[in-house]
Amino acid sequence: MPELPEVQTVCDGIKDFVIGARITNAKIINKKLRIEIPKSIEKLSGTEIQQVRRKAKYIILELNNDKLLVIHLGMSGRLTIDQNIIGDYYHKKSNSQKHDHLRISLDNGYTLTYNDTRKFGLIDLIDSREESSYKYFKHLGYEPLSENFTKQALEDICKARTKNIKATIMDASLIVGVGNIYACEALFRAGILPERPAKTLSSKELERLRQAIISTLEDAIKAGGSTIQDYANPNGEAGYFQHSFSVYDREDQECKICKNKILRVKDSGRSTYYCKKCQK
DNA sequence: AAGAAGCCCTGATAGC
DNA sequence: TGCTATCAGGGCTTCT
């Protein structure tokens with residue numbers, strides 16, 4: 001379940017291995033994902049990867065042919081770096097090959113593999129000039145870690161909104177990158193009940209929430225940073241900041257602040273964890 | 001227009 | 001033991 005911090009960690013982790021490298025071979029192993037992997041990806045041999053960046057929860061590889069390789073990890077997607085042994089001979093040690101979908105061999109001896117058991121991810125190849133009009137990008141909301149995500153921005157989002165605050169901050173057309181885990185964590189950190197309609201939050205509460213969203217994501221990125229090595233390590237696996245979750249997946253356990261039991265409720269099919277005493 | 005529900009998928013787990 | 005039912009969840013599509 002990668003969210004923004006995990007996606008950022010993956011971007012940071014693969015950078016050293018792919019930037020400046022040329023693709024020697026791109027092989028689609030299983031095209032079935034959220035959308036079919038376009039065949040055009042197999043014609044990328046000779047192309048250089050110039051930059052790696054994140055947009056919402058998408059990973060973007062900038063190529064030197066004015067194309068962007070767009071990757072979304074969905075629920076269970078993984079990008080791993082393995083070392084080729086001889087030329088294109090592929091020696092994968094990091095995890096099972098069972099759900100491999102795409103394998104990109106590079107001229108520096110490394111192989112980038114996309115693996116996704118649940119097939120909720122996406123891999124696409126688009127023209128760099130169409131980035132802003134791309135179907136999956138054009139409706140994206142604020143980047144929470146950008147300067148655009150101001151106090152005023154969050155107030156405008158919530159001003160007349162009747163749906164609850166948790167669903168609001170998880171809505172990618174409003175704010176990107178905040179999934180179920182970090183929505184629960186940020187609301188706990190801000191001391192706000194998840195089910196409250198967005199428009200009932202005061203200006204002061206919204207500012208507390210904004211700062212909680214930012215700090216929760218930043219802390220998770222910092223924690224992820226210490227596991228960057230693992231992405232390069234064939235045996236490694238970068239995980240969540242899970243040792244420090246305050247409420248997520250802690251039903252019936254003690255609240256770290258007040259010792260009351262953490263509660264779990266279902267909200268539009270998603271589990272929501274919170275502390276009834278610490279969150280108002 | 002906004003919000004809620006449905007759907008995609010597999011593996012882990014619970015229930016019989 | 002081994003089968004079957006349930007659940008998890010991001011994000012798009014469809015319905016209200």
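We name chains A, B, ... by the order of the sequence lines, and we start the count at 1 in each one.
Spacing between atom CG of D171(A) and atom C1' of dA1(B) amounts to 13 Å, rounded to whole angstrom units. Separating the CD atom of E36(A) from the C1' atom of dC8(B) is a distance of 14 Å, rounded to the nearest angstrom. Distance, I35(A) CD1 to dG10(C) C1': 15 Å, rounded to whole Å. In this structure, E195(A) atom CD and dG3(B) atom C1' are separated by 17 Å, rounded to whole Å. Separating the OH atom of Y136(A) from the P atom of dG10(C) is a distance of 18 Å, rounded to the nearest angstrom. Following rounding to the nearest Å, I123(A) (CD1) and dG11(C) (C1') show an atom-to-atom distance of 16 Å. Between the CE atom of M75(A) and the P atom of dT10(B) there is a distance of 14 Å, rounded to whole Å. In this structure, NE2 of H101(A) is placed 11 Å from P of dC9(B), rounded to the nearest angstrom.
For E155(A), the salt bridge (Lys or Arg N to Asp or Glu O under 4.0 Å) partners two or more places apart in sequence, or in a different chain, are K151(A). Legend: residues meeting salt bridge (Lys or Arg N to Asp or Glu O under 4.0 Å) with K31(A), ordered by chain and number and at least two apart, are E36(A). Under the salt bridge (Lys or Arg N to Asp or Glu O under 4.0 Å) criterion, K199(A) pairs with no residue, sequence neighbours left out. Scored by the ring-ring contact (aromatic ring centres under 6.0 Å, His included) test, Y273(A) finds Y248(A) as partners (sequence neighbours excluded).
Of the candidates dA2(B), dG9(C), dT13(C), the closest approach to any side-chain atom of R161(A) belongs to dA2(B). Closest to the side chain of H72(A), out of dG9(C), dG11(C), dG3(B), is dG11(C). Listed candidates were dG10(C), dG11(B), dC9(B). Nearest to the side chain of K119(A) is dC9(B). Of the candidates dC8(B), dC12(C), dA2(B), dC8(B) carries the atom nearest the F120(A) side chain, counting heavy atoms from C-beta on. Nearest nucleotide to the T117(A) side chain, out of dG11(C), dC8(B), dG11(B): dG11(B). For H99(A), the listed nucleotide lying nearest its side chain is dT10(B); candidates were dG3(B), dT10(B), dG9(C).
Between Y58(A) and dG10(C) there is no side-chain polar atom (N or O) within less than 4.0 angstrom of OP1 or OP2. Residue K163(A) places no side-chain N or O under 4.0 Å from the OP1 or OP2 atom of dA2(B). Between K98(A) and dG11(B), a side-chain N or O to OP1/OP2 separation shorter than 4.0 Å is present. Between K32(A) and the phosphate of dC9(B), there is a side-chain N or O to OP1/OP2 separation shorter than 4.0 Å. OP1 or OP2 of dT13(C) has at least one side-chain nitrogen or oxygen of K135(A) nearer than 4.0 Å. Distances shown here put every side-chain N or O of S76(A) at or beyond 4.0 Å from the OP1 or OP2 atom of dG11(B). For the OP1/OP2 pair of dG10(C) and a distance below 4.0 Å, the side-chain nitrogens and oxygens of R118(A) include no atom meeting the criterion.
Two residues, R270(A) and A160(A), neighbour DNA chain B, and the one matched to the more 5' nucleotide by heavy-atom proximity is A160(A).
Axis angle across the helix from dA2(B)-dT16(C) to dC16(B)-dG2(C), with five pairs used at each end and values rounded to 10°: 50°.
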Might you work through the salt bridge (Lys or Arg N to Asp or Glu O under 4.0 Å) test for D156(A) and K159(A), ending with a clear yes or no? CA-CA 5 Å; D156(A) 289 344; K159(A) 197 162 48 188; 3.4 Å; yes
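The closest side-chain heavy-atom distance from R78(A) to Y114(A) is not below 4.5 Å.
Listed for the D82(A) side chain is no donor-acceptor partner under 3.5 Å among the backbone atoms of T111(A).
The side chain to side chain donor-acceptor pair (under 3.5 Å) pairs that include a residue from residues 47-65 of chain A are Q8(A)-R54(A), R34(A)-Y58(A), R53(A)-E62(A), R53(A)-E131(A), R54(A)-E143(A), K55(A)-E131(A), where partners are two or more places apart or lie in different chains.
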